[in-house]
Amino acid sequence: MLRPRKPKAMPRRRARVLVSGPRKNGKSTGLATFKNMLHIDPENGAFEPQYQELMQAAGSEYVGVEEGARDCNGIIETLKTYARSGKIPYWGIAFDSLSKLFDTQVAFDLDKMASKGKDISEGTFGAEKKGATGFVRRLVVMADLLDVNLFLVCHEKEKWTDGKVVGYTFDGPAKLDYELDLHLRVVNRKAIVEATRYKEFPLGLSFDWNYSEFIKRFGNHYEDAPSVAKLATDEQVALLSNLLKVRADSQQLTDKWLLATGSETFADMKADDAQKCIDYLQAKPTSAKEKA
């Protein structure tokens, strides 16, 4: 049931930024100056000494291919570990690039489909993107749970309309820009605002792509310690599952609650949300259908 409230100014959530632009124009260099970040680099593009030195000076940590940067499941499990502990040592997480990670997962799932004997010669109707798209969705949800700033770097591709190139856009999951609050296109080490929900970053604004210039506009609350929302415990997940087993409306409630909380499974749900579901089931142990 809807619960309307009077509009009021709310604290700004953490930065949610999509970064795109032509290759070798300063996307990674600028991002390496951001303080206290976890850099996940599926391309090993920031492996060179100049990037590593910038990250080291910024107090950040780095995950390259050898450290698991292409393991989507491993990434989510690592973020879950932070959520279960109730703390994370970083102010933000950067994926550079998300395009590479997304394409790698798509290729893996396509190979898996072929290995199981599925005929993919006439197309798959997008089935091979399901896993990669789900990963990105869970990634955004986890960033909210962990209360960290999130930067997703994507390759650039031409934008076509009526058979003509009319500009450039990002190469990544469809509608990714709707999930985020700011889209920056980096060209010659300058960030240009392509899309925005931030009044401090008006459309067309251009600024030097580095940490100090970004913070000058976004605000120092970027550096506030994350307030991590703990994930549901194993005990909560088990109790919730057992309470649902005896209900005729089990699937209906499961779908409703997962959708409402943006969770893939009960194990991905906030502990507070899981407890609300448990309280509901314990207060109403049988469904209307079962009573009838």
Side-chain angles (χ1 to χ4, degrees), residues 16 18-20 23 28 38-47 62-84 93-146 150-158 160 169-180 231-232 234 237-238 240-241 244 250-251 254-259 261-269:
R16 297 286 178 267
L18 169 62
V19 181
S20 64
R23 60 180 183 174
S28 299
L38 175 63
H39 289 267
I40 299 178
D41 179 11
E43 295 179 334
N44 273 357
F47 194 74
Y62 174 82
V63 177
V65 175
E66 291 186 357
E67 292 81 27
R70 293 183 183 173
D71 181 1
C72 290
N73 289 332
I75 290 168
I76 294 297
E77 286 305 312
T78 298
L79 299 183
K80 282 185 180 180
T81 299
Y82 289 127
R84 292 190 185 103
I93 304 175
F95 288 80
D96 188 3
S97 72
L98 182 68
S99 298
K100 179 66 175 182
L101 188 54
F102 187 88
D103 291 345
T104 299
Q105 185 64 43
V106 169
F108 174 81
D109 288 339
L110 194 60
D111 287 343
K112 187 164 62 174
M113 291 167 64
S115 69
K116 290 183 178 180
K118 184 175 179 62
D119 182 8
I120 61 175
S121 61
E122 296 184 4
T124 60
F125 303 98
E128 76 281 8
K129 295 183 179 180
K130 184 177 179 180
T133 302
F135 163 74
V136 176
R137 184 171 60 249
R138 296 176 75 189
L139 181 61
V140 174
V141 170
M142 288 304 303
D144 288 338
L145 285 172
L146 294 171
L150 181 65
F151 290 81
L152 302 179
V153 181
C154 288
H155 299 160
E156 184 170 86
K157 66 179 182 180
E158 294 175 336
W160 290 75
T169 187
F170 65 93
D171 184 11
K175 298 187 178 181
L176 175 64
D177 48 341
Y178 286 86
E179 297 276 1
L180 308 177
L231 284 180
D234 292 340
V237 172
L240 185 50
S241 298
L244 281 168
S250 173
Q251 191 59 53
T254 298
D255 294 342
K256 175 183 175 181
W257 290 338
L258 292 180
L259 179 63
T261 60
S263 309
E264 290 287 321
T265 67
F266 290 136
D268 297 332
M269 193 179 283

With sequence neighbours excluded, what pairs up with [X] under the side chain to side chain donor-acceptor pair (under 3.5 Å) test?
X    : answer
S20  : H183
T261 : S263
E67  : none
E43  : S97, H155

According to side-chain contact (heavy atoms from CB on, under 4.5 Å), who are the partners of [X], at least two apart in sequence or on a separate chain?
X    : answer
V136 : L98, F102, P173, L176
E77  : K80, R84
S241 : V237, F266
A46  : D41, Y51, M55, Y62

Using ring-ring contact (aromatic ring centres under 6.0 Å, His included) as the criterion, list what pairs up with F151, not counting sequence neighbours.
->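 If we apply the ring-ring contact (aromatic ring centres under 6.0 Å, His included) test to F151, skipping adjacent residues, the hits are F34, F214.
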
Do the side chains of [Y] and [X] get nearer than 4.5 Å, heavy atoms only?
X    : Y    : value
L244 : W257 : yes
L101 : I75  : yes
L139 : L152 : yes
K100 : R70  : yes
L145 : Y82  : no
I93  : L79  : yes

Just jot down the salt bridge (charged side-chain N to carboxylate O under 4.0 Å, His left out) partners of R16, sequence neighbours excluded, or say none.
->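 With sequence neighbours excluded, R16 shows a salt bridge (charged side-chain N to carboxylate O under 4.0 Å, His left out) to D144, given in chain and number order.
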
Distance (rounded to the nearest 0.5 Å) between [X] [atom1] and [Y] [atom2]:
X    : Y    : atom1 : atom2 : result
L38  : F95  : CG    : CZ    : 7.5 Å
Y178 : L18  : OH    : CG    : 13.0 Å
E156 : F170 : CD    : CZ    : 11.5 Å

Considering all heavy atoms, the nearest [X]-[Y] contact:
X    : Y    : value
M269 : L258 : CE-CD2, 4.1 Å
E128 : D109 : O-CB, 3.8 Å
A132 : V106 : CB-CG2, 3.8 Å
D96  : P42  : O-CD, 3.5 Å
S99  : C154 : OG-CA, 3.3 Å

What do you reckon, is CG of N44 surrounded by more than 12 foreign heavy atoms closer than 6.0 Å?
->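 Yes, the 6.0 Å shell around CG holds more than 12 heavy atoms from other groups.
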
Any pair with a residue in residues 130-142 that passes side-chain hydrogen bond (donor to acceptor under 3.5 Å, both in side chains), sequence neighbours left out, goes on the list, sorted by first then second residue, please.
->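 For residues 130-142: R137-E264, R138-D268.
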
